Amino acid sequence: MQETKLKIAVQKSGRLSEDSTSLLKRCGVKFNNGLGKLKSEAENFPIEIFFLRDDDIPEYVADGVADVGIVGENVLAEAGKAVDSIEKLGYGKCRLSLAVPKNFAYQSLKDFDGKRVATTYPRILSAFFAENKVNADIHTISGSVEIAPSIGLADAVCDLVSSGSTLFTNGLREVETVMQSEAVLIARKNLPADLQVILEKLLFRIKSVKAAKRNKYILLNAPDEKLDEIVALLPGIKSPTVMPLAETGWSSVHSVINENDLWEIVEQLKIVGAEGVLVLSIDQMIQ
Ligand code: PRT
Ligand code: ZN
């Protein structure tokens, strides 16, 4: 009998491709994603990976051609397909924003009344305008939205932004955020129980990789008389590990800390007397 496999759709080439394949690899899934491949079977985990255009992923998942997929929340919302959002993945972060030419004296959303707004996201934008009672004229175009105002095609744009430099170089100013977005794991509705089991396993690994990314492993040497103060600064999963060093009067302290608190804590540790501080990345954090 053929082994049951979970079919997962990821972007073939684009902004989410590398992060999506490296996430699967960090989850211990071995596969070949060589150039031009459309499909790949993992060697050591019951999944089959499809490499697709991101815009097609919500529909493939909704139709059951793929069981799960990784796609930007922006693409998911625009597609309007009935699928389940399972887990935000923390990469591919951007926002869908409204932007106007620099000389547009913008004050509020009401300024879009009667204006032509170019976008590749008509569904999301019309819902946003309806919610905010704005009567604008949405022009759906398929790409290069940022040049629409300069060629007289529109008065404003609604487009994805990350650094903002594309808007800036095109003489546009971001004025409203329509939605925040990041890559998300989606699944088709009513996933059969045997595939649900595989999805749960994959999800457990994804969560471990995400937790590991947020945390750092820290090791340091502490003079014994300062141990209490140093241990108090370090949270750890339960509590820090403390081991005596060969040199009497000193201990080695190990702990896991949140990346956001790293520098703050390291500075305090140094003040209290910690030496030889090492900070390491964590591959997986199983909780
Ligand atoms: O070929 P395929 O259809 O699969 O890919 P695509 O060309 O439609 O999508 P792609 O690869 O460009 O983006 C895939 C997903 O990445 C998007 O759907 C978003 O979820 C996410 N993402 C994150 C972004 C950006 N950041 C981003 N900056 N998608 C597009 N951009 C654009 C932005 O619109 C601007 O034109 O990149 C340009 C540079 O952005 P700035 O603000 O840094 O200048
Ligand atoms: Zn696309």
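Just so you know, ligand 1 is whichever comes first in the structure, and atom 1 is the first atom listed for that ligand. Bear in mind the structure is a predicted one, so any value in this text is a computation, not a measurement.
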Legend entry - The one among Asp54, Thr120, Val157 that brings a heavy atom closest to atom 2 (P) of ligand 1: Asp54
Legend entry - Asp159 neighbourhood, listing ligand 1 atoms whose heavy-atom distance to it stays under 4.0 Å: 34 (O)
Inset, instruction - For the pair Glu87 and Lys210, evaluate salt bridge (Lys or Arg N to Asp or Glu O under 4.0 Å) and give the outcome as yes or no after the intermediate values. - result: CA-CA 11 Å; Glu87 178 83 7; Lys210 276 178 67 182; 2.8 Å; yes
Legend entry - Contact (N/O only, under 3.5 Å) between Asn74 and ligand 1: yes
Inset, instruction - Record the part of Leu160 in heavy-atom contact with ligand 1 below 4.0 Å; permitted values are side chain, backbone, both and neither. - result: both
Legend entry - Per-atom contacts, ligand 1 versus Gly14 - under 4.0 Å to a heavy atom: 11 (O)
Inset, instruction - Take Ile57 and Val75 through the test side-chain contact (heavy atoms from CB on, under 4.5 Å) and record every step on the way to the result. - result: CA-CA 9 Å; Ile57 293 175; Val75 170; over 6 Å; no
Legend entry - Glu182, Glu174, Glu176 screened by salt bridge (Lys or Arg N to Asp or Glu O under 4.0 Å) with Arg95, the one that passes: Glu174
Legend entry - N/O/S atom name from Asp55 that is nearest to the position of the Zn ion (ligand 2): OD1
Inset, instruction - Could you name the option among Gly143, Ser181, Ser162 that has the heavy atom nearest to atom 40 (O) of ligand 1? - result: Ser162
Legend entry - Asp55 N/O under 3.5 Å from ligand 1 N/O: yes
Inset, instruction - Please state whether the rings of Tyr217 and His254 are parallel, tilted or perpendicular, taking 30° and 60° as the class boundaries. - result: perpendicular
Inset, instruction - Answer yes if the side chains of Asn33 and Lys12 hold a donor-acceptor pair under 3.5 Å, and no otherwise. - result: no
Inset, instruction - Verify the contact flag for atom 7 (O) of ligand 1, where contact means a protein heavy atom under 4.0 Å away. - result: no
Inset, instruction - Output the list of atoms in ligand 1 that are nearer than 4.0 Å to some heavy atom of Gly72, sorted by atom number. - result: 20 (O)
Inset, instruction - Apply salt bridge (Lys or Arg N to Asp or Glu O under 4.0 Å) to the pair Asp137 and Arg116, showing each step before the final yes or no. - result: CA-CA 5 Å; Asp137 184 7; Arg116 293 166 306 161; 6.0 Å; no
Legend entry - Polar proximity ligand 1 side, Glu73 side, N/O cut 3.5 Å exclusive: no
Inset, instruction - Compute the shortest N/O to N/O distance between Gly164 and ligand 1 and return yes if it is under 3.5 Å, no if not. - result: yes
Legend entry - N/O donor-acceptor pair under 3.5 Å between Asp113 side chain and Val134 backbone: no
Inset, instruction - Just let me know how Val75 lines up against ligand 1, side chain, backbone, both or neither, with a heavy-atom cut-off below 4.0 Å. - result: side chain
Legend entry - Heavy-atom side-chain contact between Phe128 and Tyr121 under 4.5 Å: no
